[in-house]
Number of protein chains: 2
Amino acid sequence: MSADAEPAPVSAKPPVTLREVAAAAGVSVATASKALNGQGRMTAETRERIRAVAQRLGFRPNHLAQSLLRKRSFTVGLLTNDTYGRFSLPLMAGVSDALVDNGVSVFLCNVEDDTRLGQLHVEAMLDKRVDGIIATGKRIDRHLPIDLSNLRIPVVYAFTQPDPGAVGLVSDDAGGARLAVEHFLRLGRRRIAHVTGPAGFAVVHARAEAYREVLAAHGLPVGEPLLGAWSEAWGHDAVARLFGSGRGREGWPDAVFCGNDQIARGVIDALRERGIRVPDDVGVIGFDNWEIVAEATRPPLTSVDMNLASLGREAGLALLSLVGGQPAAPGIRKLPCRLVVRQSCGRPPGG
Amino acid sequence: MSADAEPAPVSAKPPVTLREVAAAAGVSVATASKALNGQGRMTAETRERIRAVAQRLGFRPNHLAQSLLRKRSFTVGLLTNDTYGRFSLPLMAGVSDALVDNGVSVFLCNVEDDTRLGQLHVEAMLDKRVDGIIATGKRIDRHLPIDLSNLRIPVVYAFTQPDPGAVGLVSDDAGGARLAVEHFLRLGRRRIAHVTGPAGFAVVHARAEAYREVLAAHGLPVGEPLLGAWSEAWGHDAVARLFGSGRGREGWPDAVFCGNDQIARGVIDALRERGIRVPDDVGVIGFDNWEIVAEATRPPLTSVDMNLASLGREAGLALLSLVGGQPAAPGIRKLPCRLVVRQSCGRPPGG
DNA sequence: GCGATAAGGGAAAACCTTTTCCCAACTCAG
DNA sequence: CTGAGTTGGGAAAAGGTTTTCCCTTATCGC
C-alpha cells in the first residue's frame, strides 16, 4: 500500500452536481443555487457555508443544463475556408480573444471549399444551439460556399463577402493603399509604380484606384498599375518591365508599391540582382505585413498591415451585440489598415 | 404590399421541439422520439408518418438536451499556443476533419503562452462538458503552460510535449532526416552538409543524430552539423562558412540538408549569388515543406513534410477512442514524415 | 368464448440547473 | 394577544430529449 503518490485513477467519476452540494450543506438545491448565484434571501452565514461546501467539493455548474434553460449556449461557430492561409489564423485568434473574455467559446469549422462539408458544419452548429456564427474567408470578394441567409441566428461576416443585408467587416484596402502611397510622397518619392495581383480580385482594383487617386491629387503622373500574380516570380518579372532597357534610367520609378509581400520580395530580390539599391534608389512597400516574409527581405520590408486580429475582435464583438439583441447596422464596415515601417522605403529626406 | 420577396423576418422564433412534432403527428413525445431514432416497436406506417411530420416541421434534436442525458457532449477542446505559426493550421484542420466526420465539434482555444488564459479556457471547456481535450503546440519539446494531468477527461497531445503517462503524437524527425539524407545518397551525393536551427531545440539534435547515423552507416565522412537560427539569414551565413575561401573547391559539399525551409531558402539564394548552381553543383533539401516558401525558391525546394494534417487526424481519432473507453497505450507515438521531391536536389544519375 | 401472448403506444423519470411561487416562523406594533 | 409584515428557505416547474416500464388492445389457439 504505497501511501505516497496517489496515482490519480483514470476512472471518469462523474462531476459534482448541485444536488450533492446541497445535500452536503444540508439545504435544498434551490437554496444552493441561489447561494452560489447571489440570488434569493438567506443569512450571510448560510450563503457562506454553501459556498464553502461547493468550493470544497469542486463544484462547477454544468453549462449544458444552464444553456438548456437559458436558451443560450454561450457558444458561437467560426466558419473558415482558409485552411492553410496566413489570413485566418490572426483573424481566428482575434475572434477567440474577444469572445473568451465574454465567456463565449468558439467552435472551429473548417469547411474548405466544400459545400457539403459546410452544410454539415452548419447543421452541427445549429444542433448544438450556437448563439451565432462568424463566417470567415480568404478573400473579401468571394462568398463561402454555404448559404447562411435564413438561419434564425445572427451571422457576422469577417474578411469574406457578406450576404446582402448582413453585417460584414473587411479591411479598408483603399485606405491601406493610400497609407503606402502617401508615405512614399512624404519621403519625397515622385515616380511611384504599383505592382499587384490578378485582375480577378476586387482588392486589386480597390488598391489600384486609391493609388491613382492619391497621385492625381498631388498632380503627379499616374502610371498604369501592373497586374499579375500574387507571387515572387511576378515581382521579378515586373521589375524587368519597369526597369528594362526600353526606358531610360530617368524613366525608372523611385518607388514600388506592391500588392502583397511576396511580390515585394520578388521585386526587392530582382532589384538587387540588377544592382539597384533599396531603399536608396528605389523604395518598396508591400501589403499584408506577413512578418516572416517582411522580416526576411533585405532590407526588411515596410508593409501595410490589415489588422486582422482587430478585425477578428471586432467581428466577435459585433456578433455578441447582435446575440444580445442590439440591432446592428447592416452593410460592410471597413476597418483601417496601418503601415508598419521597416527599412525598404527609406527615411525622410530631412531625417 | 409587395407580395413577392418575403423579407424573412429576423425574428428569432424558437426551434421546433420534439413535443411539437409529437403533437402534430398525434402521438406522445416518447413515441416520436422512438420513431425518429429507430427504437421501440410501432407500425411502419406510424414511424413514417412521424418522420414525415418531423421533416416537414424542420425538426432538429437539441443537442444540449441530448448531451445532458447521455453525459457526452460530442465536443472536444483544441488547445494551441501557436497563434501565428504555420504548424497549427494544418494540424487543426486535420483534427477538425477527423472529428466532424464522427459528429464531434471542436472548440478552438488559443492560449498564447499565458497560463491564466489557458486556465480560463480549460475551465470553460470543463464547464461545457467537453468529452476530451487535444493539446497542440509549436514545439515538440515544450509543454503548454497549463496543467492537464488530473482532468478526469482524456487528453491527447499532438506536436507538443506530453505529460508523463499521457498519449502523445509527434512527427518522426529522425525518420524525416533519414529520408532526406538517403535521398541524397541515392542521387550520388557524397559530401552532405547539415545546416540547422539552434541547439535549444530537441528536433535539432534528433535530426542531426539521424544525419550522422546515415552517413556513418554508409561509411561516409560525417561533417559537423552547423547550428544557428531558423532564418534565411543563417542560411546565407552558413553558405559563407561551407563554401568560403578557406576550403578548396573539392572540399565543398555537394548537398546541403537544411533544418527548415527558410534556412534552405537562404542557402539557395546565397549559392546563386556565389554562382554555384542548384541542383547541378549542390543539392538542397529543406524541412517542413512550407509550400509557399518551397515553391518560391529557385529552383523549387525539395523538402521533408511532417504530415501535420495526418498527425492532427490521428490525434483526433486517438482522442475519440479514448473517449469511447478504449485504453490507449500511453507514451509518444512518432508519425512518419514524407519527402516531397521538387527540383532543388537533382535527378538520379541514370534518370 | 376464454385465456395467453404479442403488438403498439404512452406515462414518467432522469439528466442538472434556475426561477417563481409559496410556506412557516419570527418580529413588532398596537 | 392578534394581525401584519418580514425573513429564511423549500417545492415544483421548466428546458428538450431518451429510456424504462407499464397499459391497453388485438390476435390466436383451443
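Side chains are part of it too, since the values below use all heavy atoms of this structure and drop only hydrogens, waters and symmetry mates. Letters A, B, ... mirror the listed sequences (proteins, then strands); counts begin at 1.
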Could you work out which one of [options] sits closest to the side chain of [X]?
X        : options                   : answer
Ala65(B) : dT17(C), dT17(D), dG9(C)  : dT17(D)
Lys34(A) : dT18(D), dC21(C), dT18(C) : dC21(C)
Thr17(A) : dG16(D), dG9(C), dT17(C)  : dT17(C)

Consider only side-chain N and O atoms of [X] and [Y], and report whether a donor and an acceptor are under 3.5 Å apart.
X         : Y         : value
Ser105(B) : Lys128(A) : yes
His143(A) : Asp163(A) : yes
Thr80(A)  : Asp82(A)  : no

Problem set entry | Residue whose closest nucleotide on DNA chain C lies nearer the 5' end, Thr31(A) versus Pro15(A) |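 Nearest-nucleotide comparison on DNA chain C picks Pro15(A).
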Problem set entry | Residue closer to the 5' end of DNA chain C, Leu18(A) versus Arg41(A) (nearest nucleotide) |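 Taking each residue's closest nucleotide, the earlier one in sequence belongs to Leu18(A).
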Scan [X] against the nucleic acid and name what it touches under 4.0 Å (heavy atoms): base, sugar-phosphate only, or nothing.
X        : answer
Lys71(A) : sugar-phosphate
Ser33(A) : base
Ser67(B) : nothing

Round to the nearest Å and state the distance from [X] atom [atom1] to [N] atom [atom2].
X         : N       : atom1 : atom2 : result
Gln66(B)  : dT18(D) : CD    : C1'   : 9 Å
Arg19(A)  : dG10(D) : CZ    : P     : 15 Å
Asn62(A)  : dG15(D) : CG    : P     : 18 Å
Lys128(B) : dT17(C) : NZ    : P     : 15 Å
Gln39(B)  : dC21(D) : CD    : P     : 15 Å
Arg72(A)  : dT18(C) : CZ    : P     : 15 Å
Leu69(B)  : dT19(D) : CG    : C1'   : 8 Å
Met42(B)  : dT19(D) : CE    : P     : 13 Å

For this session: Could you list by number each residue of residues 49-59 of chain B showing a heavy-atom separation from DNA chain C of less than 4.0 Å, or answer none if no residue does?
Result: none
Exercise. Mapping Leu68(B) and Val27(A) to their closest nucleotides on DNA chain D, which lands nearer the 5' end?
Worked result: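 Nearest nucleotide further toward 5': that of Val27(A).
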Spacing of [atom1] belonging to [X] relative to [atom2] belonging to [Y], to within rounding of 0.5 Å:
X         : Y         : atom1 : atom2 : value
Thr46(B)  : Ile50(B)  : OG1   : CD1   : 6.5 Å
Leu169(B) : Arg313(B) : CG    : CZ    : 12.5 Å
Thr31(A)  : Leu36(A)  : OG1   : CG    : 10.5 Å

Exercise. Between Lys138(A) and Asp113(A), is there a salt bridge with N-O shorter than 4.0 Å?
Worked result: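 Judged by the 4.0 Å cut-off on N to carboxylate O distance, Asp113(A) and Lys138(A) do form a salt bridge.
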Exercise. Hey, does the side chain of Ser28(B) come within less than 4.0 Å of dG8(C)'s phosphate (OP1/OP2), counting only N and O?
Worked result: no
Exercise. Should the ring pair Phe159(B) and Phe87(B) be called parallel, tilted or perpendicular, given that the plane angle runs from 0 to 90° and is split at 30 and 60?
Worked result: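 Phe159(B) and Phe87(B): tilted rings.
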